[in-house]
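Just below is one structure, and these are the notes that go with it.
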Amino acid sequence: MLDRKLLLALVPLLASVVSVSAQGTTCNATSPCPASAPCCSEFGFCGTETFCLGGCNPLSSHALDSCMPEPVCENAVHTFPDLSRVLSNATYFGGNASAYDWVVDKGNIMNTNTSGGELALLLTQDNGGTRISSTRYIHYGKISARIKTGRWGGVVTAFITMSDIKDEIDWEFPGATTTEGQSNYFWQGLIPDPRNGNTTTGLTDTFSNYHDFAIDWKPDSLTWLVDGNVVRTLQASTTIGPDGVKRYPSTPSRIQLSIWPAGIPSSPAGTVDWAGGMINWQDPDYVAAGHFYTLIQSINITCEDPVPPSADVTSYVYNKNATAFTPTINFSNLTTINGASSLLDIGGPFGVKTSLLVAVVFGVASVLL
Ligand SMILES: *[C@@H]1O[C@H](CO)[C@@H](O)[C@H](O)[C@H]1NC(C)=O
Ligand SMILES: *[C@@H]1O[C@H](CO)[C@@H](O)[C@H](O)[C@H]1NC(C)=O
Ligand SMILES: *[C@@H]1O[C@H](CO)[C@@H](O)[C@H](O)[C@H]1NC(C)=O
Ligand SMILES: *[C@@H]1O[C@H](CO)[C@@H](O)[C@H](O)[C@H]1NC(C)=O
Ligand SMILES: *[C@@H]1O[C@H](CO)[C@@H](O)[C@H](O)[C@H]1NC(C)=O
Ligand SMILES: *[C@@H]1O[C@H](CO)[C@@H](O)[C@H](O)[C@H]1NC(C)=O
Ligand SMILES: *[C@@H]1O[C@H](CO)[C@@H](O)[C@H](O)[C@H]1NC(C)=O
Ligand SMILES: *[C@@H]1O[C@H](CO)[C@@H](O)[C@H](O)[C@H]1NC(C)=O
Ligand SMILES: *[C@@H]1O[C@H](CO)[C@@H](O)[C@H](O)[C@H]1NC(C)=O
């Protein structure tokens, strides 16, 4: 066994090693990354290693193949009897989607261990909210999430798909109303047409009751469902503009769930209003638990790639434009692992594989939370 104190002492060391690659210039499609730091992260900064994993934008990176290939979709029903499939800090992910189903991009999680286990995403005044992302991507298919939302004004619960070029499909739940869910979609991060959003009303309290919120994403239509009932359908053909460009999500996406503070002073007034006002940090629920939260009981993923992958396929890669503004997505059998965690490979005295070391470090850290 590894010594616990030693592991804790290592945490800041590992952090400082990782942050070296964070020194990056900004990037976008017109100003992509240089060869020396080829990967444009989700947040628009150039770097290597972890910058090349989930969220790395191929169109803003040095070359179309600078980002690591994206782990291919796998049918699964994810439940949370414990936290063993959730890596508690995405910075330590090395691209092995068999090792973890989810990574925590920011914030804090808990396992409630009732009714077979529930994953709680926490919001505190200090943590700025919590977001998890799937380690695998989905390129069309059905995703159903059985969740209970927050019920507090200014607190938003979200269940979305997000591609690396920012195609996005949403279910969002502003906490002031617990009988509604809002559906929306975005194409390549473009400011959406306000008509893209729609509200589903008349749900039984989404804080007290589990509902199955689903997204059925096909190449030619997008359907949002609640408890198996279709509440909205969008035909892809209706998204074609006068310029002939189809502004419809078409690129492999990660599944993300989050709870985030919209009702805070730094948010635009419109966002605060939409979310139901400023957050009351004296709310009795917050005072009692020490956090706001959303609960996830299960997430059911059914892949429907336009062409089913053969057994040797590991990943998706971007290729040249198929039509204007729409990149081609191809299967590949290249590895998705870049060993971002090799940065942490201090080798020598420990004689353990880095991924194991990292898992142990965070196993210990999460006990202390
Ligand atoms: C994840 O790890 C990085 C690097 O050590 C650190 O900067 C960050 O604060 C950590 N995130 C969380 C939520 O603990
Ligand atoms: C892209 O990045 C460059 C360099 O940082 C910046 O000058 C430019 O304004 C950015 N373009 C857009 C559309 O954001
Ligand atoms: C969850 O509860 C079950 C019994 O209900 C128990 O066997 C299991 O060890 C618990 N898991 C955790 C992570 O506490
Ligand atoms: C990826 O993770 C799985 C499950 O933990 C493990 O069996 C496999 O060896 C790992 N692959 C690599 C290349 O590290
Ligand atoms: C919302 O979607 C439903 C079903 O597709 C449709 O009937 C309704 O007009 C839409 N409402 C708005 C405001 O777009
Ligand atoms: C998962 O979704 C698929 C497709 O909708 C469905 O056939 C299956 O029964 C679901 N599994 C569970 C456990 O809900
Ligand atoms: C794809 O098309 C867009 C718009 O026509 C263009 O700006 C971009 O450079 C193209 N990308 C590639 C890789 O051909
Ligand atoms: C990528 O897929 C397209 C069709 O979707 C195909 O025409 C093209 O040859 C493929 N490219 C590679 C490199 O496999
Ligand atoms: C995977 O690799 C084999 C050769 O090693 C190749 O024949 C096959 O076409 C590849 N599959 C894909 C999807 O690239």
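Just so it is clear, the values below take in all heavy atoms, side chains as well, and ignore hydrogens, waters and symmetry mates. Remember, it's 1-based here, ligands and their atoms both numbered in the order they're listed.
- Taking the six-membered ring for Trp and the full ring otherwise, the centers of Trp281 and Phe292 sit less than 6.0 Å from each other.
- Ile169 pairs with exactly one of Ile255, Leu222, Ile160 by the side chain to side chain contact (heavy atoms under 4.5 Å, CB included) rule, that one being Leu222.
- Near Ile337, meaning under 4.0 Å from any of its heavy atoms, are these atoms of ligand 4: 12 (C), 13 (C).
- Residue-ligand proximity, Thr26 to ligand 2, at heavy-atom distances under 4.0 Å covers atoms 5 (O).
- Distance OG1/Thr178 to CG/Asp205: 3.5 Å, rounded to 0.5 Å.
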Check against side-chain contact (heavy atoms from CB on, under 4.5 Å), Lys148 and Phe207 = CA-CA 5 Å; Lys148 287 182 181 172; Phe207 171 80; 5.9 Å; no

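- Short contacts between ligand 4 and Asn96, defined as distances under 4.0 Å to a heavy atom of the residue, involve ligand atoms 1 (C), 2 (O), 3 (C), 8 (C), 10 (C), 11 (N), 12 (C), 14 (O).
- Within a 6.0 Å radius of CZ in Arg146, no more than 12 heavy atoms belonging to other residues, nucleotides or ligands are found.
- Ring-centre distance between Tyr293 and Trp152: below the 6.0 Å cut-off.
- In terms of protein heavy-atom proximity, atom 13 (C) of ligand 9 is nearest to Val313 CG2, 3.7 Å.
- The presence of a protein heavy atom under 4.0 Å from atom 4 (C) of ligand 9 is ruled out.
- Considering each of Asn330, Asn333, Leu334, the one bringing a non-hydrogen atom nearest atom 6 (C) of ligand 9 is Asn333.
- Within a 4.0 Å radius of atom 11 (N) of ligand 9, the protein contributes at least one heavy atom.
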